[in-house]
Amino acid sequence: MRKGFLKSLSDSRKIKYSTLNGAFIALVIALVVVLNSIITTLSQTYNWYIDMTDEQMFSLSEQSKEILDGVNDEVQLEIVFPYDEDRVSGKFSTSATNGAIGYIHTTAEEIANACDNITISYHDVDRDYAFYQETGTLSKAGDNTIIVLRKDIYGNYVKGDFRAYPVNYFYVADQDGSLYGYNGELVFMSAILAMSNDTVPTVYFTVGHGELSFTGETSVDHFTAEGALKGGLLHADAFELIWLFCESGFTVKPLNLLTQDVPEDARMIVINEPQSDFHDDEIYKLNTYLRNEGAVFAFTPYNAELKGLFASFEQNYGVTVKPSATPVTDDSTKFDNMPNTLLASVSTHDSSFATKQYFGALKGYASAKARFNDTGALTINPEFMKTTGYQSGMAETRFTYPLLESSSNAVFNGTKGTSFLMSITAIEKFRQESGDSAFSYLVVCPSGEFASNDYLLSTSAPNKNMILSLVQSTSSVQTPVNLDYKTFMQYELDITDRQAQTATALLATILPICAVVCGVVVIVRRKHK
C-alpha cells in the first residue's frame with residue numbers, strides 16, 4: 001500500500017462528503033423510525049386517527065355526541081363483545097357480518113372515548129360462562145351478539161337490565177345478503193337512550209278492527225315483549241314489527257280509538273292489517289293527530305274494504321288505495337315459485353325535491369329490492385306531487401310521493417305497468433310564533449305482508465331496514481334517534497387480467513428505464529464540466 005494512502009483518502013473531499021451524507025441519511029432514517037414508533041404507540045393508546053372515508057364511517061355524528069353529552073352522570077353502561085379484543089379490533093371485511101365486526105368495535109371505542117360513563121369489556125362466550133350468568137344475559141349470549149349492560153352507581157351489574165343485539169343488526173344488506181351499509185350508531189344510540197332515560201317514547205298500535213297487534217291490554221318494551229308473546233297478549237304474526245320498535249328504544253302500547261283519545265306521548269301510530277273499517281270518530285282523531293306533528297304508518301291488506309279510512313287518505317293526503325280481488329303480480333321478479341310475490345325498488349319518480357327538503361327516507365337503497373307478497377297498488381293525486389305541494393290553507397302544505405314501486409312488467413287488475421306500492425305524505429305546518437315549520441307524516445302501504453315476521457327476520461330482504469329508515473326519517477320530533485346508516489364504499493380496482501398484466505409490464509420497464517436515463521444524463525454532465 002502506498003505510503004500516506006489512508007491519510008490522502010481521509011482528506012479526500014469526495015470521501016468526506018460521502019461519509020457526511022451517509023451519516024446524515026442514517027440519522028434521518030433513525031429519527032423517522034423512532035418518531036413513527038412513538039406516534040404509533042400514542043395513536044393506539046389515545047385512538048388518534050383521521051377519518052378520511054366519504055361517509056365518516058369511523059366518526060360519531062353530531063347527534064350521537066349530543067346524546068352522549070346528555071347521559072346522566074349516575075348512569076353507567078358497559079358494551080360487551082363476546083370475543084377477545086384481538087378478534088374484533090381491526091376487522092373490516094364486508095364479505096360477511098362477523099367479518100365486519102371491526103366497524104362495531106370502532107364505534108364502541110368512539111362512544112367510550114366521548115362518554116366517561118360508558119366502557120367496553122371482552123368476555124369470550126365459551127370461557128366466561130360465569131360472567132354471563134352473573135349479569136343475567138346467559139339466555140341472549142352468543143358468538144355474534146353484542147350486549148349493552150347497565151351498572152348501578154357502585155359499579156355493580158344490574159341483573160337483567162341489558163340490550164342484546166345480533167351482529168347483523170348493525171348492518172344493512174341487500175337481497176343476496178351482501179353488506180352495503182353500516183347502522184351501528186343507530187343501534188348503540190337507541191340502546192343508550194332507552195337505558196339512560198327515565199321516560200321512553202311510545203308507539204301505539206291500533207286495535208278493534210281485527211289488526212295484527214295486541215290481543216290484550218298491556219304495554220311492552222325490550223324486557224317484556226317476549227313474555228307478552230308467550231302469554232298470548234300479542235299476535236304472533238305481529239311480533240317482529242312490535243319488536244322492531246322495542247329494539248329501537250320505544251315502549252309499545254295498544255290504542256283503541258273508539259274508546260280512547262290519542263295520548264299526548266304518542267310518537268307514532270301503526271295500523272297493521274286491519275280487517276274492518278274505522279269509524280268517523282276514529283278517522284277524525286287520526287287526522288287531528290296528523291295535523292299536530294304526528295306520524296302514522298298504515299299497512300293494509302290488498303283486499304280489505306276500508307272505505308272510510310281510504311276515503312280519508314284520498315281526500316286529505318292525495319293517496320288512493322283501491323282494494324282488489326287479486327294482488328299485483330310480476331313474473332319477472334317473483335321468487336320461490338310463489339305467484340303473488342315480487343320485488344320492488346325505491347321509486348324512480350322525480351321526488352328529489354321532497355327527498356332533499358323533507359324525507360331523506362330510504363337513503364342509499366337504490367340497489368336494494370324490497371320483498372312483497374299479496375300487495376295492492378295505490379295512485380297519487382298529481383296536485384300533491386307538485387314541488388309546491390297541495391295547499392291546504394295558508395299555514396299548511398301537503399306533499400305526497402311514491403317510495404316503492406314495482407317493475408314495468410307488473411300486472412294489476414289486468415293492466416300491465418309500474419305500480420306504486422308505498423307512499424309517504426309530509427304535512428308541513430307553518431308555526432307563526434317561532435317562524436319555522438313543523439311536520440307530520442303518513443306512510444301508506446297496501447300490503448300487510450311487507451312488515452310480516454318472515455320479511456323482517458330475513459337477512460336477504462331489506463324490509464326491516466327500510467322501515468327503520470322511515471321511522472328515523474319521519475322527523476326527529478317523532479323518534480328518539482334520527483340517524484342514517486352509512487354506506488360502505490368499495491375502492492377495489494375493477495380491471496381485467498389483460499389490463500393488469502399490461503400495467504405490470506409498463507411499471508416493470510418504464511421506471512427502470514427512467515432511472516437508467518437519469519443516471520446517464522448525470523454522468524455525461526459531470527464529464528463535461
Side-chain angles (χ1 to χ4, degrees), residues 168-169 171-181 183 186 212 237-238 240-241 244-245 248 270 272-273 297-302 319 321 327-336 338-349 351 354-355 359-380 400-412 417-425 441-474 484-485 487:
N168 65 312
Y169 270 42
Y171 302 100
V172 179
D174 58 21
Q175 64 270 13
D176 64 3
S178 301
L179 302 185
Y180 65 88
N183 211 24
L186 169 63
L212 294 183
D237 292 337
E240 289 304 323
L241 181 58
L244 177 151
F245 289 103
S248 297
V270 179
N272 190 39
E273 294 204 59
F297 280 27
F299 301 102
T300 61
Y302 74 94
V319 182
V321 184
V328 179
T329 59
D330 188 345
D331 290 340
S332 67
T333 64
K334 70 180 180 181
F335 48 95
D336 298 333
M338 300 170 66
N340 294 342
T341 60
L342 58 92
L343 298 177
S345 305
V346 175
S347 179
T348 57
H349 180 83
S351 59
T355 301
F359 309 141
L362 308 188
K363 168 182 175 284
Y365 281 96
S367 62
K369 302 290 185 182
R371 292 196 177 194
F372 279 85
N373 184 37
D374 289 339
T375 182
L378 51 85
T379 59
I380 300 174
T400 300
Y401 292 93
L403 279 179
L404 293 173
E405 62 184 23
S406 70
S407 77
S408 59
N409 296 313
V411 177
F412 183 59
T418 301
S419 292
F420 293 153
L421 307 181
M422 182 183 287
S423 68
I424 185 168
T425 301
Y441 295 89
L442 170 68
V443 174
V444 178
C445 177
S447 171
E449 289 291 318
F450 178 84
S452 66
N453 287 348
D454 289 343
Y455 291 164
L456 295 186
L457 283 170
S458 174
T459 57
S460 62
N463 297 31
K464 176 178 179 178
N465 290 305
M466 285 183 170
I467 293 175
L468 278 172
S469 179
L470 285 169
V471 170
Q472 302 308 325
S473 61
T474 49
D484 282 326
Y485 73 85
T487 306

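Keep in mind it's a predicted model, so treat the numbers as computed, not measured. Hydrogens, waters and symmetry mates play no part in the numbers below; they use all other heavy atoms, side chains included.
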Nearest heavy-atom neighbours spanning [X] and [Y]:
| X | Y | answer |
| --- | --- | --- |
| Ser332 | Ser407 | OG-OG, 3.5 Å |
| Gly376 | Tyr302 | N-CB, 3.3 Å |
| Leu212 | Ala238 | O-CB, 3.3 Å |

*Does the side chain of Thr300 reach to within under 4.5 Å of the side chain of Pro446, using non-hydrogen atoms?*
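Touching, per the 4.5 Å side-chain cut-off.
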*Any side-chain heavy-atom pair from Leu241 and Phe297 closer than 4.5 angstrom?*
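They are not in contact (no side-chain heavy atoms under 4.5 Å apart), so the answer is no.
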Output the distance between atom [atom1] ([X]) and atom [atom2] ([Y]), rounded to the nearest 0.5 Å.
| X | Y | atom1 | atom2 | result |
| --- | --- | --- | --- | --- |
| Arg371 | Thr333 | CZ | OG1 | 10.5 Å |
| Leu442 | Thr400 | CG | OG1 | 7.5 Å |
| Lys464 | Asn168 | NZ | CG | 7.0 Å |
| Leu404 | Cys445 | CG | SG | 7.5 Å |
| Leu403 | Met466 | CG | CE | 9.5 Å |
| Thr418 | Phe412 | OG1 | CZ | 14.0 Å |

*Asp330 side chain to Leu343 backbone, donor-acceptor under 3.5 Å*: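 Between the backbone of Leu343 and the side chain of Asp330 there is no qualifying donor-acceptor contact (under 3.5 Å).
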Side chains of residues 447-454: which donor-acceptor partners sit under 3.5 Å, not counting sequence neighbours?
| residue | atom | partner | partner atom | Å |
| --- | --- | --- | --- | --- |
| Ser447 | OG | Asn373 | O | 3.4 |
| Ser447 | OG | Glu449 | N | 3.4 |
| Ser447 | OG | Phe450 | N | 3.4 |
| Ser452 | OG | Glu449 | O | 2.9 |
| Asn453 | OD1 | Glu240 | N | 3.1 |
| Asn453 | ND2 | Ala236 | O | 2.7 |

*Identify which one of Val328, Asn463, Leu421 satisfies the side chain to side chain contact (heavy atoms under 4.5 Å, CB included) criterion when paired with Phe372.*
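Answer to the side chain to side chain contact (heavy atoms under 4.5 Å, CB included) test with Phe372 among Val328, Asn463, Leu421: Leu421.
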Please enumerate all residues that pass side chain to side chain donor-acceptor pair (under 3.5 Å) together with [X], with sequence neighbours excluded.
| X | result |
| --- | --- |
| Ser458 | Ser460 |
| Asn340 | Asp374 |
| Thr341 | none |
| Asn272 | none |

*Show the numbers, then the answer: is there a side-chain contact (heavy atoms from CB on, under 4.5 Å) between Asp331 and Asn409?*
CA-CA 8 Å; Asp331 290 340; Asn409 296 313; over 6 Å; no
*Test side-chain contact (heavy atoms from CB on, under 4.5 Å) on Tyr401 and Ile380 and set out the steps.*
CA-CA 7 Å; Tyr401 292 93; Ile380 300 174; 5.6 Å; no
*Check against side-chain contact (heavy atoms from CB on, under 4.5 Å), Leu470 and Met422*: CA-CA 11 Å; Leu470 285 169; Met422 182 183 287; 3.8 Å; yes
*Please walk me through it: do Glu405 and Ser419 pass side-chain contact (heavy atoms from CB on, under 4.5 Å)?*
CA-CA 6 Å; Glu405 62 184 23; Ser419 292; over 6 Å; no
_Partner residues of Tyr171 under the ring pair (Phe, Tyr, Trp, His ring centres under 6.0 Å) criterion, sequence neighbours left out_ =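 By the ring pair (Phe, Tyr, Trp, His ring centres under 6.0 Å) rule, Tyr171 matches Tyr182.
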